[in-house]
**Q** 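I have a structure here, written as C-alpha cells, and I will follow up with some questions on it.
Nothing fancy with the numbering, it's 1 onward along the sequence. Whatever order the structure lists ligands and atoms in, that order sets their numbers, starting from 1.
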Amino acid sequence: MSDRTLSSADRLVVNLDQALRTLFGRPKVTERSNPADAQTETELDEAQRDHIARLMRINHTGEVCAQALYQGQALTARDPVVRKSMERSAAEENDHLDWCEQRVDELGGRLSLLNPLWYAGSFAIGAAAGLAGDKWSLGFVAETEKQVEGHLDEHLEQVPAEDRRTRAILEQMKTDEIEHGQKAKAHGGIDLPAPLRSLMRATSKIMTKSVYRI
Ligand SMILES: [Fe+2]
Ligand SMILES: [Fe+2]
C-alpha cells in the first residue's frame with residue numbers, strides 16, 4: 001500500500017502497531033545481519049558483564065526513543081520524499097534495537113522497564129517537531145543523531161577491546177547514526193537553537209542515568 005492511499009485513521013493504526021512492536025514484539029528490521037555475528041564471544045568477569053549489559057540497555061532504550069521519534073515525525077511529515085527517506089533510517093533504527101536487545105540477552109541483562117515511558121515522550125516530541133514543519137523535525141533528527149554519536153563514543157571508551165561482539169554493534173550503529181544525521185540535514189534540517197540543544201542533552205542525561213538502574 002502506498003502512503004497516498006493511507007487515511008489518517010489508517011496511519012494511526014499503523015503507528016499503534018509499530019509502537020507495540022517496538023515495545024513488546026519483533027520490530028520490522030532490514031536485510032542486514034547483526035554485526036556481532038562475525039565476531040567471537042570473549043570472557044568477561046561478572047562486573048564487566050553487568051556494566052556492559054547496562055550500557056547496551058541504555059542503547060536499546062535510545063533506539064526505542066529513536067523509533068518513537070521517527071514515527072512521530074513520519075506521522076506529521078509533509079513532504080512524501082522526506083517521509084520515504086526517513087522510513088529507511090527508521091528501519092535501520094529497528095536493526096539497532098534488535099542488535100542491542102540480543103547483546104543484552106547474551107550478557108544476561110534485561111531491558112529497561114521505563115521503555116514505554118520514553119517511547120511516549122519521544123513520540124510526542126517527534127510529532128510536535130513534525131507539526132512545527134519538516135525543517136524543524138529534520139533538524140531535531142540531525143541533532144539527536146549527533147548526540148547519540150557522542151553517547152556511542154563514550155560507550156566505546158568503556159567497552160574493552162576484547163569484547164568484539166559489543167564493539168561491532170556499537171561501531172555499526174555509529175556509522176549509521178552519522179549517515180542518518182547527514183541525510184536529515186541534506187533534506188533541509190536546520191541547526192537547532194542552543195537552548196533546545198541543551199534541553200535535549202539534559203533530557204538524555206536523565207534517560208541514561210535512570211535506565212542504567214531501572
Ligand atoms: Fe540507532
Ligand atoms: Fe539513527
**Q** Any donor-acceptor pair under 3.5 Å linking the side-chain atoms of Gln71 with those of Tyr119?
**A** yes
**Q** Answer yes if the side chains of His96 and Glu93 hold a donor-acceptor pair under 3.5 Å, and no otherwise.
**A** yes
**Q** Please report the interatomic distance CD1(Ile125) to CE(Met200), rounded to the nearest 0.5 Å.
**A** 8.0 Å
**Q** Checking His151 against Ser204: is there a side-chain donor and acceptor pair closer than 3.5 Å?
**A** yes
**Q** Hey, are Asp176 and Gln172 close enough side-chain-wise for a donor-acceptor pair under 3.5 Å?
**A** yes
**Q** Which protein N, O or S atoms does the Fe ion (ligand 2) have within a distance shorter than 2.8 Å?
**A** Glu93 OE2, Glu145 OE1, Glu145 OE2, Glu177 OE1, His180 ND1
**Q** Transitively linked via ILVMFWY side-chain contacts under 4.5 Å: Leu152 with Leu97?
**A** no
